[in-house]
Amino acid sequence: MAGSKFRPDRGLTARMVLTMALLFVVYVLFVVGLVAAGLNIWLVLILVAAFAAFSFFSSDKIAMFAMGAKEVSPQQAPELHAVVDRLCAMADMSKPRVGIADTDVPNAFATGHSEKTAVICVTTGLMRRLEGPELEAVVAHELSHIAHRDVMVMTVAGFLGIVAGFLTQAGLRFAMFSGMAGGRSNNNGPAPAVVALLVVVVSAAAWVLSFLLTRALSRYRELAADRAAAYLTGRPSMLSSALTKITGDMARIPTRDLRQAEPFNAFFFAPALSQKGFSFSQLVATHPPVQQRVSRLADISRQLGQGH
């Protein structure tokens with residue numbers, strides 16, 4: 001975040017360092033566990049490295065493609081670019097690429113493994129619903145993710161879950177196939193089905209640990225981004241208003257659209273979920289409760305002398 005005027009958050013920095021350190025331990029144990037289960041060490045290392053490289057360098061392209069988003073030029077979206085230009089000047093940070101996703105789900109996200117590859121994307125549903133100052137507050141929130149570099153950390157942290165999930169599914173299918181085929185070991189070693197089940201256990205454990213670690217970081221980074229955006233714009237009430245509008249309108253969005261966006265909830269400004277009849281455990285939620293975010297923004301408003 002060097003050179004940026006977004007307020008630093010030592011709590012976020014400490015949590016990112018801790019999360020990365022713990023994930024490194026999980027990665028090592030994951031590889032050791034797979035080798036101990038019977039997989040070839042070089043196969044494991046190549047597989048993990050390939051997934052890591054693909055996830056790290058293609059994260060922005062994957063997210064944009066999955067959301068149906070396209071990068072837009074200042075000529076195509078002059079008002080949105082003007083907002084980003086103004087905020088980047090205020091924050092003294094490099095301008096990221098700008099994208100728009102044609103979906104009625106009102107949301108925004110930032111992605112990319114570095115400042116050079118960073119992209120901030122808003123949906124057409126968000127732009128239709130928010131007033132200018134509210135949109136500016138949401139864009140400031142997303143820019144703070146880039147400035148804090150937590151987008152990069154979330155990209156790295158999420159890759160283990162992808163690998164572990166892939167191996168869990170592959171192991172289960174192989175175990176079922178081996179079981180039906182009556183597979184046995186030909187060299188007094190463990191049967192293929194046993195190896196596959198051990199891979200499933202190790203992979204599932206790694207997935208659960210990485211899932212919990214990234215969710216905990218995800219919740220805190222949203223609070224940090226709210227705080228940074230509120231202080232940068234000086235209008236926390238606008239961010240609170242945008243948050244209330246977006247979460248309130250989620251219930252009106254078709255379930256199919258929400259499910260399509262759900263895999264990217266950890267990167268969204270607000271989770272793409274209907275609030276009706278839905279309850280989240282604090283252990284697995286990607287975002288803090290809306291009431292908590294609004295309450296903290298109200299506290300900042302009072303501190304800035306702009307309380308309502």
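Please read all numbers here as calculations on a predicted model, not as lab measurements.
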Engineer: Do any N or O atoms from the side chain of Arg97 and from the backbone of Thr117 form a donor-acceptor pair under 3.5 angstrom?
Structural biologist: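 Checked: pair present.
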
Engineer: Locate the shortest heavy-atom distance separating Phe6 from Ala147; write the atom from each residue and the value.
Structural biologist: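 Of all heavy-atom pairs spanning Phe6 and Ala147, the closest is CD1-CB, 3.5 Å.
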
Engineer: Holding to side-chain contact (heavy atoms from CB on, under 4.5 Å), I want the full list of residues that pass it with Leu22, two or more places apart in sequence or in another chain.
Structural biologist: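 Here the qualifying residues are Leu18, Leu213.
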
Engineer: Residues in side chain to side chain donor-acceptor pair (under 3.5 Å) with Asn40, at least two apart?
Structural biologist: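 Partners of Asn40 by the side chain to side chain donor-acceptor pair (under 3.5 Å) criterion come out as none, since no residue qualifies.
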
Engineer: CE/Met64 to CD/Glu71 distance, rounded to the nearest 0.5 angstrom?
Structural biologist: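 Rounded to the nearest 0.5 Å, the CE-CD separation comes to 6.5 Å.
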
Engineer: Can you tell me how far OG1 of Thr124 sits from CD1 of Ile100, rounded to the nearest 0.5 angstrom?
Structural biologist: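 If we round to the nearest 0.5 Å, Ile100:CD1 and Thr124:OG1 are 8.0 Å apart.
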
Engineer: Using the test side-chain contact (heavy atoms from CB on, under 4.5 Å), find all partners of Ser241 that sit at least two apart in sequence or belong to another chain.
Structural biologist: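 With sequence neighbours excluded, Ser241 shows a side-chain contact (heavy atoms from CB on, under 4.5 Å) to Glu134, Lys245, given in chain and number order.
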
Engineer: Can you name the closest pair of heavy atoms from Ile246 and Pro106 and give their distance?
Structural biologist: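 For Ile246 and Pro106, the tightest heavy-atom pair comes out as CG2-O, 3.1 Å.
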
Engineer: Can you sort out the partners of Pro74 under side-chain contact (heavy atoms from CB on, under 4.5 Å), two or more places apart, ordered by chain and number?
Structural biologist: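 Here the qualifying residues are His81.
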
Engineer: Might you confirm whether atom CD1 of Ile41 has over 12 heavy atoms from other residues, nucleotides or ligands at distances under 6.0 Å?
Structural biologist: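 Counting other residues, nucleotides and ligands, CD1 of Ile41 stays at 12 neighbours or fewer.
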
Engineer: Assigning hydrophobic clusters by single linkage (Ile, Leu, Val, Met, Phe, Trp, Tyr; side-chain heavy-atom cutoff under 4.5 Å), is Val72 placed with Ile120?
Structural biologist: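 As far as the 4.5 Å side-chain criterion goes, Ile120 and Val72 are connected within one cluster.
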
Engineer: Could you tell me whether the side chain of Ser301 and the main chain of Pro236 form a donor-acceptor pair under 3.5 Å?
Structural biologist: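 Not a single qualifying donor-acceptor pair exists.
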
Engineer: In terms of hydrophobic clustering (I, L, V, M, F, W, Y; side-chain heavy atoms under 4.5 Å; direct or indirect links), are Val290 and Leu239 co-clustered?
Structural biologist: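 Linked, Val290 and Leu239 end up in one cluster.
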
Engineer: To the nearest 0.5 Å, tell me how far Leu212 CG sits from Thr19 OG1.
Structural biologist: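 Spacing of CG (Leu212) from OG1 (Thr19) equals 11.5 Å.
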
Engineer: Holding to side chain to side chain donor-acceptor pair (under 3.5 Å), I want the full list of residues that pass it with Gln76, two or more places apart in sequence or in another chain.
Structural biologist: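 For Gln76, the residues satisfying side chain to side chain donor-acceptor pair (under 3.5 Å) (neighbours in sequence not counted) are Ser73.
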
Engineer: Any donor-acceptor pair under 3.5 Å linking the side-chain atoms of Asp9 with those of Tyr220?
Structural biologist: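 Asp9 and Tyr220 do have a side-chain donor-acceptor pair below 3.5 Å.
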
Engineer: Test of understanding: clusters of I, L, V, M, F, W, Y form through side-chain heavy atoms closer than 4.5 Å, transitively. Do Met20 and Leu12 belong to the same one?
Structural biologist: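 Same cluster: Met20 reaches Leu12 through Ile, Leu, Val, Met, Phe, Trp or Tyr contacts under 4.5 Å.
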
Engineer: With sequence neighbours excluded, tell me which residues meet side-chain contact (heavy atoms from CB on, under 4.5 Å) with Asp104.
Structural biologist: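 Partners of Asp104 under the side-chain contact (heavy atoms from CB on, under 4.5 Å) test: Arg128, Arg129, Ile253.
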
Engineer: Between the main-chain N or O of Thr214 and the side-chain N or O of Ser218, is there a donor-acceptor pair closer than 3.5 Å?
Structural biologist: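 Between the backbone of Thr214 and the side chain of Ser218 there is no qualifying donor-acceptor contact (under 3.5 Å).
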
Engineer: Please confirm whether the backbone N or O of Ala137 pairs with a side-chain atom of Arg235, one donor and one acceptor, at under 3.5 Å?
Structural biologist: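 Pair absent, no side-chain N/O of Arg235 close to backbone of Ala137.
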
Engineer: With rounding to the nearest 0.5 angstrom, report the NZ to CD1 distance, Lys95 to Ile146.
Structural biologist: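 Output value for this atom pair is 12.0 Å.
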
Engineer: Hey, are the side chains of Val119 and Thr111 touching, using non-hydrogen atoms and a 4.5 Å cut-off?
Structural biologist: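 Sidechains of Thr111 and Val119: in contact.
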
Engineer: Contact between Val139 and Leu135 at the side-chain level, heavy atoms closer than 4.5 Å - yes or no?
Structural biologist: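 Result yes, sub-4.5 Å side-chain heavy-atom pair found.
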
Engineer: Is there a path from Val98 to Val151 through hydrophobic residues (I, L, V, M, F, W, Y) whose side chains come within less than 4.5 Å of each other?
Structural biologist: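 Per the 4.5 Å side-chain linkage, Val98 and Val151 are not co-clustered.
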
Engineer: Would you say that Arg293 contacts Glu222 through its side chain, given a criterion of any heavy-atom pair below 4.5 Å between the two side chains?
Structural biologist: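 They are in side-chain contact.
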
Engineer: Kindly give the heavy-atom pair with the smallest separation between Val138 and Ala242, and that separation in Å.
Structural biologist: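 The pair with the smallest heavy-atom distance is CG2-CB, 3.6 Å.
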
Engineer: Which atom pair, heavy atoms only, marks the closest approach of Val84 to Pro96?
Structural biologist: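 What the structure gives for the nearest pair is CG1-CD, 4.2 Å.
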
Engineer: Would the distance check show the side chain of His287 and the main-chain N or O of Phe268 forming a donor-acceptor pair, the cut-off being under 3.5 Å?
Structural biologist: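 At least one qualifying donor-acceptor pair exists.
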
Engineer: Looking at side-chain heavy atoms only, is the closest gap between Val122 and Leu80 below 4.5 Å?
Structural biologist: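 Touching, per the 4.5 Å side-chain cut-off.
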
Engineer: Which heavy atom of Ala140 sits nearest a heavy atom of Thr233, and at what distance?
Structural biologist: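 Heavy-atom minimum between the residues: CB-CG2, 3.8 Å.
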
Engineer: Does Leu143 share a hydrophobic cluster with Met127, counting links as ILVMFWY side-chain heavy atoms below 4.5 Å and allowing steps through other members?
Structural biologist: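 Yes: a chain of side-chain contacts under 4.5 Å links Leu143 to Met127.
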
Engineer: According to the interplanar angle, ranging from 0 to 90°, do the rings of Phe269 and His141 count as parallel (below 30°), tilted (30 to 60°) or perpendicular (above 60°)?
Structural biologist: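 The arrangement is perpendicular - the two ring planes meet at more than 60°.
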
Engineer: Nearest 0.5 angstrom please: Arg221 CZ to His145 NE2, how far?
Structural biologist: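 Here the rounded value is 4.5 Å.
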
Engineer: Just wondering, do Trp42 and Leu45 contact through their side chains at under 4.5 Å, heavy atoms?
Structural biologist: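 Heavy-atom side-chain distance check passes, below 4.5 Å.
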
Engineer: Rounded to the nearest 0.5 Å, what separates atom CE in Met90 from atom CG in Leu232?
Structural biologist: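 If I round to the nearest 0.5 Å, the distance is 4.5 Å.
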
Engineer: Keeping the roles fixed (side chain from Arg296, backbone from Gln292), state whether a donor-acceptor pair exists under 3.5 Å.
Structural biologist: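 It does not hold such a pair.
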
Engineer: Mind checking whether Glu79 and Val83 have side chains closer than 4.5 Å, heavy atoms only?
Structural biologist: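 Sidechains of Val83 and Glu79: no contact.
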
Engineer: Does Asp85, at its CG atom, have more than 12 non-hydrogen atoms belonging to other residues, nucleotides or ligands within less than 6.0 Å?
Structural biologist: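 Yes - once you tally the heavy atoms of other residues, nucleotides and ligands closer than 6.0 Å, there are more than 12.
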
Engineer: What's the shortest heavy-atom distance between Thr247 and Ala270, and which atoms?
Structural biologist: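 Taking every non-hydrogen atom into account, CG2-CB, 4.1 Å.
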
